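The next block holds one structure in the form of structure tokens; read it before the comments.
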Amino acid sequence: MKFSLNGSVTHETFDALGAVRVLDYRKHRVLTFDSVFEQSKIARKKPWLPVHEYNRAMLLPLAFHEPAHATVLGVGGGVMISALHHMLPACRIHGVELRRAVAEVAHEFFAMPDDERVRITISDARPALQKMAPGSTDLILADLYNADRMSPAQAHRRFVDQCHQALSDEGWLALNFHLAPARDGTLIRHLGRLFAEVFLYRTKSNNYVIYAGKQPVTIPPSNDPALEALEKRLPIDWSGLVEKLMPQLRRSADKQQATA
């Protein structure tokens, strides 16, 4: 079979939703569903180091608050779980993945950690969120994609409501988004009603990450020592990532007090 991605096929399996393939390159390993789009990508010698820019950008909430508990919706190759596990030795991590075959591949071929700090649930993200206790997690990273498009659930207000309810008072939500959301559109306005801060990040490939935090923050300058400290824990150019943050909405102090 001829693949659009030209890596060497290391593993291939199928489930009810289609193919799950692992492709190897000299330095990298890729998870793909349709052999056109890279669902996950790791450095083979450093599987805890995210390769895709959007994966790195999704970790930016760590510049504002260090979570004791993190939730990853859409495990894929386990890239985000591996990065969090490497960076945060005390953090408990809950991964939610729709496809059991994908989670198994993440463990076997992408070195996704398998220890007591990491729990994986095989489920659709929405019922998994419903089962989470209010305020039970400090960080939600949502990366819900099928073979060729983003799950529409990520743009629904009910999904955002569920994430907001599950997040602690210091919590952050990061959404990997396929298109630029309208600044005055339904999603951004709804995030602005619920969260104190809403930021946007645009990748070089025109992917977007949307961030929503429950507490107001100040974007640190690129020379902030805290970013240098993060760089030592995970070398992904934190300063360069922070420089690309674009504020979208900020809830006023008066409104925060009124809704507290």
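Treat the numbers as computed from the prediction; the structure is a model and nothing was measured.
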Handout entry: Donor-acceptor under 3.5 Å (Glu170 side chain, Lys214 main chain)
Key = no
Exercise for the section: Look at the aromatic rings of Trp48 and His86 and report parallel, tilted or perpendicular, splitting at 30° and 60°. Expected result: parallel
Problem - Heavy-atom donor-acceptor pair, Thr203 side chain to Tyr208 backbone, under 3.5 Å - result: no
Handout entry: Aromatic Phe33 / basic Arg99 pairing, under 6.0 angstrom, 45° off normal
Key = yes
Exercise for the section: Considering only NZ, NE, NH1 and NH2 on the basic side and carboxylate oxygens on the acidic side, decide whether Glu66 and Arg233 come within less than 4.0 Å. Expected result: yes
Handout entry: Aromatic ring proximity, centroids under 6.0 angstrom, Phe64 and Trp172
Key = yes
Problem - Main-chain N/O of Asp143 paired with Gln154 side-chain donor or acceptor, under 3.5 Å - result: yes
Problem - Side-chain donor/acceptor of Arg29 to backbone N/O of Arg44, under 3.5 Å - result: no
Practice task
Output yes when a side-chain donor or acceptor of Tyr25 lies under 3.5 Å from a complementary backbone atom of Gly7, and no otherwise.
Solution key: yes
Exercise for the section: Could you tell me whether the side chains of Thr10 and Asp24 share a donor-acceptor contact shorter than 3.5 Å? Expected result: yes
Problem - Test: Lys244 and Glu53 ion pair at under 4.0 Å - result: yes
Practice task
For the residue pair Asp161 and His156, confirm or rule out a side-chain donor-acceptor distance under 3.5 Å.
Solution key: no
Practice task
Answer whether the closest heavy-atom distance between the side chains of Asn206 and Arg202 falls below 4.5 Å.
Solution key: yes
Practice task
May I ask you to decide if Cys91's main-chain N or O and Arg117's side chain share a donor-acceptor pair within less than 3.5 Å?
Solution key: yes
